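For reference, the structure discussed in these notes is given below.
These numbers come from a predicted model, not from an experiment.
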Amino acid sequence: MTQTKVEPKFQAVKAAVNYPEMEEKILQLWRDQDVFQRSMREREGGPHYVFYEGPPTANGRPGIHHVLARAFKDIFPRYKTMNGYFVQRRGGWDTHGLPVEIEVEKRLGLSGKQQIEAFGVEEFNRRCRESTMEYIGEWEKLTERMAFWVDLKTAYVTFHNEYVESLWWIMRQLWDKNLLFQGYKVVPYCPRCGTPLSSHELSLGYKEGTVDPSVYVKFKVLDQENTYLLAWTTTPWTLPGNVALAVGEKLAYVKVREADGTLLYLAAALAEQVLKPGFEVLEQLKGRDLLGMHYEPLYRFYPVEQDYAYVVAGDFVSTDDGTGIVHIAPAFGQDDMEVGRKNNLPLIMTVDAAGRFKAEVQPWAGVFVKTADPDITAELKSRGLLYKAGTMEHTYPFCWRCDSPLLYYAKETWYIRTSQVRDQLVALNEQINWYPEHIKEGRFGNWLENNVDWALGRDRYWGTPLPIWKSDAPDSKYMECIGSVAELEAKAGRKLDNLDLHRPYVDNVTWTAPDGGTMRRVTEVADCWFDSGSMPVAQWHYPFENQAKWEEQAQADYICEAIDQTRGWFYTLHAVSTLLFDRPAYKNVICLGHILAEDGSKMSKSKGNVVNPWDMMNDYGADATRWYMYTASPPGNSRRFSGNLVGETVRKFLNTLWNTYSFFVTYANLSDWNVTNENSSVSTQHASDATSHMLDHWVLSELNLLVRNVTAAMEAYDVLGATRPIAEFVDNLSNWYVRLSRRRFWDGDPAALRTLHKVLVTVSQLLAPTTPFIADELYQNLVVNLDGHAPNSVHLSRWPVVDQSLIDEQLSTDMQMVQKVTSLGHAGRQNANLKVRQPLAQVVVRTRQREERASLERLQQLVLDELNVKRLDFADAATDLVDVSVFPYPKQLGQKYGKGYPKIRQAMSQMDQAELAAHFQAGESVEVTVDEQVYVIAPEDVEVRSAPRSGYSVAEDGGYLVAVTTDLSTGLVQEGYARELVRYVQQLRKDANLAISDRIVTYVEASSMIHDVLAHFGDYVREETLSVDLVQVHPAQGQTIPAHLPKANLELGGNEVTIAVSKK
RNA sequence: GGGCCUGUAGCUCAGCCGGUUAGAGCACUGUGCUGAUAACGCAGGGGUCAGUGGUUCGAGUCCACUCAGGCCCA
C-alpha cells in the first residue's frame, strides 16, 4: 500500500456532528442559492400539483402542533417537485374574526360592544389589523427554520381589499342562487361578545362538569284542586319566557298523591327517582291524555293575546332525566322554537342583547340572566311552586374565546342555505381521499349528513362586511347584495378608489333606495371561517384578475390540517366549493391527530407542559423533530411528544446515517477514489456496472426495493410507509453492509466505494422530502461538489427511479435468512460462553422450510465468517446427531379437521417421534386414529423438527434452530489465541496513534505455548497488524522488549503474554 | 345522551386473511464485539394484549357489552 498525498475529493466530515449548526449552514446555502424559489421556477411548465395552505392566524406564537402540521404539509410538495411537478406553495394568513378582536379588547381594557363603539370602530379595527401581524416575524422564522417550504413572500392575507372583494363576489353568487337568507333561529349566543356563534365555533367550547342549577317546578293545573305538572329545568332564567309544557305523546305518565296531599303529574319511569318517598300512584296515563291541559303561567310580565300555557306534544321529550315534562320557552331553545311555531305559541323575549333581563321583567330587570338563577328559584319557592332544587353537572357550551357561558337565543341573522346542498356535500365527499380513512364516513361524513344552515353573520367589527344594503324606509324589505367595488361605485355614484373594505368605511357608503329610503349596509360581518374556506377563489382575487392562475389552482391535490378542522376549514372549503362549483375543493387530505404531552395529557398553557418548538430546533434540530413526527405513530393518531423522544431519533437514526456517511468520506478520500474518474456524471452513473461482489449486489437490491416501497408509499400519502423503511434500511446499511465490507473499504476497493456512494446519494434523495437538511448536506458533499452538471441541491434533483434489474428478491430473502441464523448462532455461542474470536468447528442449522436451507447454502461463506465457524451443516432427521419431533401445523390441520385438531395434536405427541418423522420425510402420509376416527396427515401438514443432541450449544426461535459445536481442538484454540493477540496489537497501534497504514515491529514475550501458536499463525498475525517483524522475546534466554515501548499484558489460556509495538 | 378514534412490556410503537412460543426500539442489568459509529451483537428481568361475555378446533386479531383516554356532536 503506497500513500501519496492527494487533495481529498470530498470535504472531510467530522464523526460527531452538531445538527442545529449543520442545519443553519444548509439554510444559509438555500438562501444564497435561492433554492426554494428555484424549486418552483425550474419546474414551471411541468404538470401542476396543487397544495393549499390552511392559513394560521399570526396573532399568537406558533406552537409545536404547528410544527407537526407544517412538517406534514411539507412532504408532498417537495416529493412532487422532485418528480418534476410545478408546485406553487402560496402561504396565507387568516386575519379576521373574534380571536383577533378579543385579543385587542383585552389589550385596550375594553369589555363588550358598547365600550368598543365608544372607543371607536375605526381605531379598533386599525388595532386589529396591526395585531394580526404581530407575531408574523416569529412565524416566518420558525417556518424557515423547520424548512417548511411555503411561499410567504406572496402569501394571501384575508383582510386585503382584493381578498374581501372576492368574498363579496362569492356572496353575491350565493345571493343570486337564493342561498343567502335572513332568518330567525335559536342560536348559541355569547352575551359578552354580543354575537351568535356558528356551529363549528360552538363545538370548540363545550365543557364537561359544568355545574348548573337543577330545579323541579310545579305548574298549577287550572280547574284541578291542588294539582300540578312537574317540570324540570337547568336554566331557571328561561322560566319567565315559558309558554307551554311538552310531553311525549306515547310515554307513560302517572298522577300521584304526595304524602302532604299534593297531586302531581310526571313520567311514570321517573317518579321513583324524582319524588320523595311515600307517594301514591292514583292514575296511569299516556302523554297524549295530558295534551291541551292548561296551567297557570308562572309569570305575566308581557301581555299575551293568543292561547298559551298548556301541554303540547314534543318528540324530543325523553325519560332519561328530568320529569318527562319539558318547559318550553321558544326564545331560548331550538326545540322550543319549533314547538312554538307548530302550536302558534307566543315568543316571549325577556332578555336583551347583553344577556340581561329587560325592564319588563321587573324583579330582575338589568340582571345578567345566569346571575338571576338563584333569585328566580327563591322567588318560586316563596310562592310554593318549587318542588325541589339542587345542582347538577353536565356538559354546557361556553364561548370558545371569552369563556362566557353561552345562551340560546332567538336571533335574526344571515345564513347560507347549506342544507339545500346537503346531498351534494355528501356525494362530493365520496371523491375525497381521506387519511385516516374513517374520517370520511365517520366524523366528516356524519357532520355533512346532519348539515344545518351555516350561520354567516356576526354582529362584530373586524371582519369581512356582509355586502348587503337595505332600505331604511319604514317597513321596507328592499335589499341588494353588492358583488364588487365597481358595482358599489355605480350605486354610490362616485369613485371609491381608496375605500378600505371594512367597517366603518363601507358603512358610510349609502345611496337612495327605489322606495325612497336610504340604502344602508346591514351591520353584520362574515364568519371568519367563510374567509378561509373561500381561499381557493379569494387568494387570486378571482374573478377580477388572475383567471389563468385560478384555473390552474382551482382544486387542491393535497391539504393537511389537524382533526379539529373537520368542522372548520375542511368543512368550509368543502361547503364553499360545493355551493359555487359543485366539486370538491381538495382531492387528498391528511387529518392529523393532536399532540399530547409526554404523559398523554393535553398540552395547555395552564398546565405548563407546552413544548416550545424553538427548544426542539436548538437542541435537536428540525430534521430530528420532523422525523419523529413522521415515524412516531400513524398520522391520524394523537401522539405523545417530548424532547427525549426526539433525542432518541437523533441517536438511533440520524447518527447512524451520519456515521456511515462520515465513514464513506474518510475512506474515499484516503484511497483517492473519485466517482467522476470512473464515469461521466455522478447523477447518472450506474453503481452496479462494475461490481461482482455479492454484498454490493445485495445492498443495491435492498436500495432499489426501498426506492420502490418509499415511492409507492409517497404516491399513496402513506407517511409511515415512506419513512420507517428508510430507517430500517439505514440500520441495515450501517450494521450489516458496511460492517461486513470494512476490509474492502480499507483497501480502497472502487466497487465498494462506488456502491456505497450510490446508496448514500439515493438515500439522501429519498430523505429530501422528510429530513431536508441532512439530505442536502450529504448531497452537497457527495454530488454537488464533484459534478458541475448536477443540480445545486438535492431538492432540485430528480426523485430516484427504481432499477428493476438490480432487484434480486431471492438475494434479499437469502440475506434475511443469514441474519436470522447468525443472530441465533451468536446466541448459541453466548449460551456456551464462547466468544466470537474463538473459531468453532461446526454450526448446525435447522430451518423451517427447505428453500431456506438453500438460502443458507448460497451464502454459506457469509455465515461461516460471521459466526467464525469452519463448517455449516443442516439438522437432518436421518442423522443420529439429532433428536427429532413432529409439529402439526394448526392452520392446515385445523382447517382440514376442525375440532379434530387438538386430538390429533395430542395423539401425535404420544407417538414415536423418530418413526413419525421418518414417514413424513419419506414423503408418506400417516394415519392417526383417535376415538375411532381416522385422520390422514400428509407430510405438508407437519414440520419435522430436529435438534442436535449433545456437544452443541443451541439457540432457538420461531421454529428455527442453530447449534454450534462446543468441542475445541488444539488448532482451533490456537487460532483463537492468534485472533486475540491481533486484537491487542491493534489496540496498541490505536493507543500509539499510528496511522492506519503504518508498518510496525511487534514484540511478543510469552511462554513457549504461545510461541507454538505463532509458529502456526504468525503470518496471519503479521498480515493483520501490518507487522514487518514479529519478534518473539524469550525471557528465559535473557531477552526483553525494548524498555521505552508501551506494553500490554494479556492472558491467553492461563499464560501471561506481554506485547509491544514500535513504528518501523 | 349519541358518534368516531385509541387502549399490547416502565416508555414509544409493530402485530397481515383468526393459526407455531405476542414482537421491535428505548430504558435497566449482565456480557461480548469494535482501526467508522455518541454505536453494534447476545442474554436477562419486565405482558391478565383495558375488562367481561360470545363465535370458533383455535381470539391480541371477529362480535356484543363495560371501563378508561382523546376528539367531535347534542
Give a yes/no answer on whether the side chain of A:Tyr901 brings an N or O atom under 4.0 Å of OP1 or OP2 in B:G19. no

Closest to the A:Arg443 side chain: B:C40, B:A36, B:G70? B:G70

Presence of A:Trp746 side-chain N/O under 4.0 Å of B:A36 phosphate oxygens OP1/OP2: yes

For a 4.5 angstrom cut-off between non-hydrogen side-chain atoms, does A:Val962 reach A:Lys820? no

What's the gap between B:A64 and B:C28 when it is taken at their P atoms, as a whole Å value? 43 Å

A:Leu657 CG - B:A36 P separation (whole Å): 18 Å

Could you give the distance separating B:U66 and B:G3 at their P atoms, to the nearest angstrom? 10 Å

Only counting residues at least two apart or in another chain, list the ones meeting salt bridge (Lys or Arg N to Asp or Glu O under 4.0 Å) with A:Glu852. none

Tell me: NE2 of A:His438 to C1' of B:G70, nearest whole Å? 12 Å

Need to verify one output field. Residue with the more 5' nearest nucleotide on RNA chain B, A:Phe663 or A:Ile563? A:Phe663

Could you work out, with side chain to side chain contact (heavy atoms under 4.5 Å, CB included) as the rule, every residue matching A:Asp865, not counting sequence neighbours? A:Gln861

Measure from the side chain of A:Asn659, starting at C-beta and using heavy atoms only, and say which of B:U37, B:A38, B:G3 lies closest. B:U37

Please enumerate all residues that pass ring-ring contact (aromatic ring centres under 6.0 Å, His included) together with A:Tyr935, with sequence neighbours excluded. A:Tyr897

Could you state the CH2-P distance from A:Trp658 to B:U37, rounded to the nearest angstrom? 16 Å

Quick check on B:A36: is either OP1 or OP2 less than 4.0 Å from any side-chain nitrogen or oxygen of A:Arg739? no

Using side chain to side chain contact (heavy atoms under 4.5 Å, CB included) as the criterion, point out the one residue from A:Thr323, A:Thr238, A:Val326 that pairs with A:Thr233. A:Thr238

Who passes salt bridge (Lys or Arg N to Asp or Glu O under 4.0 Å) against A:Lys903, sequence neighbours left out? A:Asp931

Using modelled atom types and a 3.5 Å cut-off, is there a donor and acceptor pairing between side-chain atoms of A:His757 and backbone atoms of A:Leu782? yes

Every protein N/O lying under 3.5 Å from an N/O of nucleotides 59-62 of chain B:
none

Contiguous Watson-Crick or G-U pair runs (3 or more, under 3.5 Å) in RNA chain B: B:1-7 with B:67-73, B:10-13 with B:23-26, B:28-32 with B:40-44, B:50-54 with B:62-66

Tabulate protein N/O versus nucleotide N/O from nucleotides 13-15 of chain B, keeping only pairs under 3.5 Å, one per line.
unit_1 : atom_1 : unit_2   : atom_2 : d
B:C13  : O5'    : A:Ala632 : O      : 3.4
B:C13  : O2'    : A:Arg724 : NH2    : 3.3

Separation of atom CG in A:Leu448 from atom C1' in B:C4, rounded to whole Å: 14 Å

Integer angstrom distance from the P of B:A43 to that of B:G25: 10 Å

Under the rule for side chain to side chain contact (heavy atoms under 4.5 Å, CB included), what residues qualify as partners of A:Ser734, not counting sequence neighbours? A:Thr656, A:Thr660

With nearest nucleotides of RNA chain B determined for A:Asn655 and A:Gly442 from heavy-atom distances, which residue corresponds to the more 5′ nucleotide? A:Gly442

Distance, P atom - from B:A27 to B:C42, rounded to whole angstrom: 15 Å

In whole angstrom, give the distance that lies between atom CD of A:Glu866 and atom P of B:G41. 11 Å

Does a donor on one side chain and an acceptor on the other come within less than 3.5 Å for A:Ser214 and A:Trp232? yes

Rounded to whole angstrom units, what separation is found between the NZ atom of A:Lys652 and the C1' atom of B:C40? 9 Å

Quick one: side-chain hydrogen bond (donor to acceptor under 3.5 Å, both in side chains) partners of A:Asn659, sequence neighbours excluded? none

To the nearest angstrom, the CG-P distance between A:Leu740 and B:G41 comes to 13 Å

Which glycosidic conformation, syn or anti, is assigned to B:C13 if syn requires a torsion within 90° of zero? anti

The ring-ring contact (aromatic ring centres under 6.0 Å, His included) partners of A:Tyr737 (sequence neighbours excluded) come to none

Inter-nucleotide C1' distance (B:G60, B:U6), Å rounded: 15 Å

Integer angstrom distance from the C1' of B:C40 to that of B:G35: 15 Å

Taking the inter-plane angle between the rings of A:Tyr667 and A:Phe663 on a 0 to 90° scale, is it parallel (under 30°), tilted (30 to 60°) or perpendicular (over 60°)? tilted

Grab the CZ-C1' distance between A:Phe653 and B:A38 for me, whole Å please. 16 Å

With sequence neighbours excluded, what pairs up with A:Asp941 under the salt bridge (Lys or Arg N to Asp or Glu O under 4.0 Å) test? A:Lys896

In whole Å, measure the gap between the C1' atoms of B:U29 and B:G46 for me. 12 Å

State which residues pass ring-ring contact (aromatic ring centres under 6.0 Å, His included) with A:Phe920; sequence neighbours excluded, sorted by chain then number. none

Select base, sugar-phosphate, or nothing to describe what A:Ser734 touches, counting heavy atoms under 4.0 Å on all strands. base

Please state the P separation for the pair B:G18 and B:G2 - nearest whole angstrom. 30 Å

